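See below for the structure under consideration.
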Amino acid sequence: MKNKNVISIALAGVLTVGAVAGLTGFTSKDTEVATSFAAESETEASTALLTTVSDDSVTEESSSEGSSSTLTVAEVAAKALPSVVTITNTSVTELESMYGYGYYFGYGYGDEGGTTTYESVSVGSGIIIGQNDTELLILTNYHVVEDATELSVGFISDDEDEAEAVEAVTKGTDASIDIAVVAVQLDDISDETMSEIAIAEIGDSDSLQLGEQVVAIGNALGYGQSVTTGIVSALNRTIELDTYTAEMIQTDAAINAGNSGGPLLDMNGRVVGINSAKASDTGVEGMGYAIPISDVVSIIEDLMNKQTRTETVSDEESAYIGITGQEVSSEMSSVYGIPEGIYITEVAEDSPAEAAGLQAGYIITKFDSTSVSSMTDLKNLLAYYAGGETVSIVVSYQSNGEYVEETIDLTLGLLSDYQDTSEEEEATVEEGRRGGNN
């Protein structure tokens with residue numbers, strides 16, 4: 001039976017700050033891809049895959065060199081640091097004005113009885129996991145990039161004062177397991193930086209044993225990359241967080257705010273976990289948690305190969321689905337046992353949703369491999385898709401008293417067609433009303 005944790009757990013990922021030195025500027029430089037990256041791109045041009053390394057291959061290589069199969073902490077850090085990045089998330093937070101006076105804790109005056117918005121900056125960590133023909137791909141936690149209006153990635157450098165920071169975009173997310181893949185354009189990275197960074201090796205978290213030594217690296221407290229070490233103190237620990245429940249690796253390696261999205265490494269320098277959370281109760285020490293990498297490899301690779309969308313489509317190409325829905329929040333999910341997502345309350349007649357087989361009562365949890373939790377999320381995503389495109393969506397619905405998950409192909413409709421039809425129907429109704437009055 002899995003152990004169920006009842007201690008208060010906090011996401012370790014984001015350290016909210018006023019400003020982060022060295023991570024506020026973007027650069028755009030012409031570059032040629034470093035040799036090690038280019039070789040991988042030539043052999044796998046269409047599909048980006050994680051670089052996995054088995055225990056057998058490591059043991060065989062070590063034996064041939066006549067050395068130990070494990071590294072020192074310093075050697076692990078030296079091997080892994082070039083693949084670890086810092087991530088800065090700039091977002092906009094909206095607060096309701098108190099008592100209708102439009103003033104909120106020094107942020108200035110807003111509309112009476114309305115809301116006040118302010119810019120919030122937070123920092124986390126990430127792991128370079130691969131590349132395609134045009135992008136460098138970085139793994140992190142969903143909560144590190146959540147609600148970002150602007151992202152930047154900072155790379156390691158021998159000279160910290162000259163560490164390069166570049167603009168990034170979220171390529172895909174899965175909020176249900178708290179992971180995200182971020183993309184950086186290769187053309188935005190300088191030759192010097194490309195020569196210093198590396199793609200992480202992925203290990204096997206299923207082979208971890210209690211008491212095994214591990215190393216954690218991340219942007220702790222926003223001060224830059226730091227290295228901590230400890231042991232695996234528990235496996236398959238069921239952790240309940242605000243937005244999801246997961247089975248995690250427990251370690252006493254220090255994991256603090258800013259560490260989330262960084263790697264938990266075995267003593268061969270391979271990624272075995274994604275640092276995500278820590279126990280925060282008074283009197284609790286040395287209880288950090290990481291997502292086991294072997295549990296999420298296939299999902300990460302799906303997100304790596306998703307099309308990056310940075311340009312919204314024109315009004316003429318705008319898409320629609322044809323549903324009315326409401327958010328299933330984490331609180332509702334916890335109370336009622338309903339999956340988080342968009343609960344469909346109505347499906348429009350002759351709509352793309354109806355054609356795909358969607359029904360009232362279905363809950364949409366993912367749209368094109370990206371988690372959605374509200375109609376606003378879905379609307380924001382649709383802005384990047386054209387009518388006529390076919391995307392996969394994941395829905396949950398009740399069957400025999402349980403929620404089951406199904407992937408459905410949905411061909412998006414043109415919003416202009418829907419609007420034209422609506423206008424015709426309104427005109428017909430209005431004409432009928434006038435005829436009835438005569």
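Since this is a predicted model, take the numbers as computed values, not measurements.
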Assign the ring pair Y362 / Y397 to parallel, tilted or perpendicular, where the plane angle (0 to 90°) is split at 30° and 60°. parallel
Heavy-atom side-chain contact between M375 and Q326 under 4.5 Å: no
Compare all side-chain heavy atoms of L412 with those of T390 and state whether any distance is below 4.5 angstrom. no
The complete set of ring-ring contact (aromatic ring centres under 6.0 Å, His included) pairs with one or both residues in residues 320-339, sequence neighbours excluded, reads Y320-Y418
Taking A175's backbone N and O only, do any of them form a donor-acceptor pair with T173's side chain (distance below 3.5 Å, no angle check)? no
Taking all heavy atoms of I300 and all of V181, pick out the closest pair and write down the distance. O-CG2, 4.1 Å
Between the side chains of E167 and S152, does any donor sit under 3.5 Å from an acceptor? no
For side-chain contact (heavy atoms from CB on, under 4.5 Å), just list the numbers for V145 and L151, CA-CA rounded to whole Å, side-chain angles, deciding distance to a tenth of an Å, and then say yes or no. CA-CA 8 Å; V145 300; L151 283 176; 3.9 Å; yes
Do NZ/NE/NH1/NH2 and the carboxylate oxygens of R309 and E389 come within less than 4.0 Å? yes
E192 atom CD, over 12 foreign heavy atoms within 6.0 Å: no
Main chain of Q209, side chain of E212: is a donor-acceptor contact present, judged purely on distance under 3.5 Å? yes
Any side-chain heavy atom of T86 sitting closer than 4.5 Å to one from S125? no
Would you indicate whether the side-chain heavy atoms of I408 and V395 approach each other to under 4.5 Å? yes
Output, in order, the C-alpha distance, side-chain angles, deciding distance and verdict of side-chain contact (heavy atoms from CB on, under 4.5 Å) for S373 and V328. CA-CA 7 Å; S373 60; V328 179; over 6 Å; no
Quiz question: by atom type and distance under 3.5 Å, do the side chains of S392 and D409 form a donor-acceptor pair? yes
Flag, side chain of N305 to backbone of A48, donor-acceptor distance under 3.5 Å: yes
Close side-chain approach of I291 and L264, heavy atoms under 4.5 Å: no
Side-chain heavy atoms of S83 within contact of I197, under 4.5 Å: no
Could you tell me the separation between the CD1 atom of I321 and the CG atom of L358, rounded to the nearest 0.5 Å? 8.0 Å
Tell me if a side-chain donor or acceptor on D266 pairs with a main-chain N or O of G269 at a distance below 3.5 Å. yes
Okay, side chain of N89, backbone of E146: is any donor-acceptor separation there less than 3.5 Å? yes
What distance separates L137 CG from E301 CD, expressed to the nearest 0.5 Å? 11.0 Å
Among V394, D377, L382, find the residue that satisfies the side-chain contact (heavy atoms from CB on, under 4.5 Å) test when tested with F367. L382
Take I231 and D252, measure what side-chain contact (heavy atoms from CB on, under 4.5 Å) needs, and give me the verdict at the end. CA-CA 6 Å; I231 63 168; D252 65 352; 3.7 Å; yes
I'd like to know if the side chain of E340 pairs up with that of S329 as donor and acceptor (distance under 3.5 Å, no hydrogens or angles considered). no
Can you tell me how far the OG atom of S371 sits from the CD1 atom of I364, to the nearest 0.5 Å? 12.5 Å
Is there a side-chain contact between Q213 and V73 in this structure, where contact means two heavy atoms from C-beta onward sitting under 4.5 Å apart? yes
Counting distance only, does the side-chain N/O of N259 pair as donor-acceptor with the main-chain N or O of N256 below 3.5 Å? yes
Apply side-chain contact (heavy atoms from CB on, under 4.5 Å) to the pair Q225 and V84, showing each step before the final yes or no. CA-CA 8 Å; Q225 304 299 6; V84 184; 3.3 Å; yes
Quick one: do E201 and T51 satisfy side-chain hydrogen bond (donor to acceptor under 3.5 Å, both in side chains)? Show the steps, please. CA-CA 5 Å; E201 290 182 355; T51 304; over 6 Å; no
Within the 3.5 Å criterion, strictly below it, is a donor on D204 or S294 matched to an acceptor on the partner's side chain? yes
Would you compute the distance between atom CD1 of I249 and atom CD1 of I239 and round it to the nearest 0.5 angstrom? 11.5 Å
Between S233 and Q250, do the side chains contain an N or O donor and an N or O acceptor separated by less than 3.5 Å? yes
Do Y385 and D368 have side-chain atoms, one donor and one acceptor, less than 3.5 Å apart? yes
Search all heavy atoms of G203 against all heavy atoms of I293 and return the closest pair with its distance. O-CG2, 3.6 Å
Can a donor-acceptor pair be found, under 3.5 Å and without considering hydrogens, that links the side chain of T140 to the backbone of G261? no
Can you find a pair of side-chain heavy atoms, one from I138 and one from I129, that are under 4.5 Å apart? no
Polar side-chain atom of T370 near backbone of K366 as donor-acceptor pair, under 3.5 Å: no
Qualifying residue, where the test is side-chain contact (heavy atoms from CB on, under 4.5 Å) with I217 and the options are V227, I156, N275: V227
Would you say the side-chain atoms of K79 pair up with the backbone N or O of N268, donor to acceptor, closer than 3.5 Å? yes
Counting distance only, does the side-chain N/O of S333 pair as donor-acceptor with the main-chain N or O of I338 below 3.5 Å? yes
Non-neighbouring partners of T345 that pass side-chain hydrogen bond (donor to acceptor under 3.5 Å, both in side chains), sequence neighbours left out: none
Between T308 and K171: side-chain donor-acceptor atoms closer than 3.5 Å: yes
Indicate whether the side chain of S276 and that of N141 have a donor and an acceptor atom separated by less than 3.5 Å. yes
